[in-house]
Amino acid sequence: MRAQSSATAPPAIAVATPGREDRGIGTLQAALGVVAFSLTFPATAWGLEGFGPWSLVAVRSVLAAVIAGSALLALRVPLPARRHWPGLAVVGAGVVLGFPLLTTLALETSTTAHAAVVVGLLPLTTALFSALRVGTRPSRTFWIAALAGAAAVLAFTVQQSGGALTTADLYLFAALLVCAAGYTEGGRLARVMPGWQVIGWALVLCLPLTVPVASVALAHEPVQLTAHSVTGLLWVAAGSQFVGLVVWYRGMAAIGIPKASQLQLAQPLLTLVWSVLLLGEHLTVAAPLTAAAVLVCIAVTQRSRG
């Protein structure tokens, strides 16, 4: 009887190693996610022209949840397994609620350029969370390049702010922590379910909170519908909150969380470009130097093997 019992144990699951083509597609998907995210801060600044911070965050989450929920219903996607709901709650708390709210509050007093370079520390934060949560062990070269990229971003930030941290900086540093946790958990879940379902279910899970918050916020914060405010709201809801996260999680699942996170070193630099083109902000001479340093770090981390 004991021999029979051991024979019925579930077999070990073999995990396929992604091929070169899969890694290339995964890198492209993660990069498209970075481009979508790079527009988030300028779009948020536009949205704040006509919405209060709480209204903007709650409404964007509700709209994104409507898009995601409609797709889940149309495709008759079954509910996730019970064991996945805690992870989805972490994604919802970090990516759907925490990061948008904290960065929106920061952008009330901070420029998009300043916020972008502070959030440039997100790749290193995500890699740290990944090492703790998922058990990844990147190589020493990877960590040296990642730390160098983070140091370049931090030096740029300190130079821009004159060495003084503000309340907006505290919001942004808190946003780094909650977003890194959400990215890590989302990247882990994207290995067992499609990436768009990860963010889709996380958005739907947050609806019982975001709908009442949106109702209260819209009743107490003034709303002024303009071309900028509406465009900004639609982008952060559809582009940043859903489509961007869909391709981002798919990319992380294909190439790994640490390597995908290092592509985000380019995000603050892209945001700087958008801040000039869309918001008329001015860049300093330090920006191209930081860009060169960050791009070198990205190249090194992508070629290193963990």
What distance separates [X] [atom1] from [Y] [atom2], expressed to the nearest 0.5 Å?
{"X": "L233", "Y": "F51", "atom1": "CG", "atom2": "CZ", "answer": "5.0 Å"}
{"X": "T111", "Y": "L279", "atom1": "OG1", "atom2": "CG", "answer": "9.5 Å"}
{"X": "L272", "Y": "Q267", "atom1": "CG", "atom2": "CD", "answer": "11.0 Å"}
{"X": "Q29", "Y": "I255", "atom1": "CD", "atom2": "CD1", "answer": "9.5 Å"}
{"X": "S275", "Y": "H282", "atom1": "OG", "atom2": "NE2", "answer": "10.0 Å"}
{"X": "L203", "Y": "L63", "atom1": "CG", "atom2": "CG", "answer": "10.5 Å"}

Nearest heavy-atom pair of [X] and [Y]: which atoms, and what distance?
{"X": "A237", "Y": "A64", "result": "O-CB, 3.3 Å"}
{"X": "T290", "Y": "A152", "result": "CG2-O, 4.1 Å"}
{"X": "A180", "Y": "T125", "result": "CB-CG2, 3.5 Å"}
{"X": "V178", "Y": "G98", "result": "CG2-C, 3.9 Å"}
{"X": "G195", "Y": "A190", "result": "CA-CB, 4.3 Å"}
{"X": "G182", "Y": "V91", "result": "O-CG2, 3.7 Å"}

Hydrophobic cluster membership, with links at side-chain heavy-atom distances under 4.5 Å among I/L/V/M/F/W/Y: are [X] and [Y] in one?
{"X": "V153", "Y": "L170", "result": "no"}
{"X": "F99", "Y": "F129", "result": "no"}
{"X": "F242", "Y": "V35", "result": "yes"}
{"X": "Y249", "Y": "V90", "result": "no"}
{"X": "V247", "Y": "W196", "result": "no"}

Problem set entry | Donor-acceptor side-chain pairing of S240 and W235 below 3.5 angstrom |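 A donor-acceptor contact under 3.5 Å links the two side chains.
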
Exercise. Should we say atom CH2 of W54 is surrounded by more than 12 heavy atoms from elsewhere, each under 6.0 Å from it?
Worked result: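 Atom CH2 in W54 is not crowded, with 12 or fewer foreign heavy atoms closer than 6.0 Å.
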
Mind checking whether [X] and [Y] have side chains closer than 4.5 Å, heavy atoms only?
{"X": "T184", "Y": "R188", "answer": "no"}
{"X": "T167", "Y": "L105", "answer": "no"}
{"X": "L39", "Y": "L278", "answer": "yes"}
{"X": "V119", "Y": "P268", "answer": "no"}
{"X": "V243", "Y": "L245", "answer": "no"}
{"X": "C179", "Y": "L122", "answer": "yes"}
{"X": "L88", "Y": "E185", "answer": "no"}

Hey, is the main chain of [Y] close enough, under 3.5 Å, to the side chain of [X] for a donor-acceptor pair?
{"X": "T104", "Y": "P100", "answer": "yes"}
{"X": "H84", "Y": "P80", "answer": "no"}
{"X": "S55", "Y": "E221", "answer": "no"}
{"X": "T44", "Y": "T40", "answer": "yes"}

Problem set entry | Aromatic plane relationship, W85 with W201 - under 30° parallel, 30 to 60° tilted, over 60° perpendicular |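 Aromatic pair W201/W85 classed perpendicular.
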
Exercise. W248 vs F37 aromatic rings, parallel, tilted or perpendicular, using cut-offs 30° and 60°?
Worked result: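 Ring orientation, 0 to 90° scale: perpendicular.
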
Exercise. Going through the distances and angles, do V57 and L97 end up as a side chain to side chain contact (heavy atoms under 4.5 Å, CB included)?
Worked result: CA-CA 8 Å; V57 172; L97 300 176; 5.6 Å; no

Problem set entry | side chain to side chain contact (heavy atoms under 4.5 Å, CB included) between L289 and F156, worked out | CA-CA 9 Å; L289 297 178; F156 183 85; over 6 Å; no

Exercise. What pairs with T226 under side-chain contact (heavy atoms from CB on, under 4.5 Å), at least two apart in sequence or on another chain?
Worked result: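 Once residues adjacent in sequence are excluded, the partners of T226 under the side-chain contact (heavy atoms from CB on, under 4.5 Å) criterion are Q224, H228, S229.
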
Problem set entry | Test log, rule side chain to side chain contact (heavy atoms under 4.5 Å, CB included), inputs T231 and L234 | CA-CA 5 Å; T231 301; L234 292 177; 5.9 Å; no

Problem set entry | Residue of the set T112, L172, L176 for which side chain to side chain contact (heavy atoms under 4.5 Å, CB included) holds with T103 |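 Between T103 and the candidates, side chain to side chain contact (heavy atoms under 4.5 Å, CB included) is satisfied uniquely by L172.
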
